[in-house]
Amino acid sequence: MSSSISSLKVIQEQSGICRRLRTKTSFGSFIGSATFWEDGESTTAVYWCLDTMGSAGPDDQIAHPHNCRSGRECFRARD
């Protein structure tokens, strides 16, 4: 496994975001990118919940990396 892929895996595991949160950049980005979608810092990213397939989770709260974390009723930890 390349070092960039293993580094990304570690960041994803440590990010603490819900495993059901997605954005189009979660499926890939430019190699060597200094930012990751889990940071929630993009000004153009659109996030959605895999449970509702919408921009809000099952609890009607916005789907975003800053919100979809442990403590939220619908949160699911990564395996």
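Count residues from 1 along the sequence.
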> Minimum heavy-atom separation for C18 and C74, please, with both atom names.
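Looks like SG-O, 4.3 Å.
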> Could you pull out all residues at least two apart from R76 that satisfy side chain to side chain donor-acceptor pair (under 3.5 Å)?
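Scan of R76 (side chain to side chain donor-acceptor pair (under 3.5 Å), adjacent residues dropped) gives none.
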> State the CZ-CZ distance between R78 and R20, to the nearest 0.5 angstrom.
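Here the interatomic distance stands at 12.5 Å.
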> Could you tell me which residues satisfy side chain to side chain contact (heavy atoms under 4.5 Å, CB included) with I62, sequence neighbours excluded, listed by chain and number?
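Checked I62 against side chain to side chain contact (heavy atoms under 4.5 Å, CB included); matches are N67.
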> Roughly how far, to the nearest 0.5 Å, is the CG atom of D59 from the CZ atom of R72?
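Here the rounded value is 4.0 Å.
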> Between R22 and Y47, is the side chain to side chain contact (heavy atoms under 4.5 Å, CB included) condition met? List the steps.
CA-CA 6 Å; R22 293 293 187 275; Y47 299 93; over 6 Å; no
> Side chains of C49 and P58: does their closest heavy-atom pair fall under 4.5 Å?
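C49 reaches P58 side chain to side chain.
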> Considering residues at least two apart in sequence or located in another chain, which fulfil the side chain to side chain contact (heavy atoms under 4.5 Å, CB included) criterion with S55?
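By the side chain to side chain contact (heavy atoms under 4.5 Å, CB included) rule, S55 matches no residue at all.
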> Check whether any side-chain heavy atom of P65 sits under 4.5 Å from a side-chain heavy atom of L21, and report yes or no.
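Counting from C-beta outward, P65 and L21 do come under 4.5 Å.
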> Kindly give the heavy-atom pair with the smallest separation between M53 and W48, and that separation in Å.
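Heavy-atom minimum between the residues: CE-NE1, 4.2 Å.
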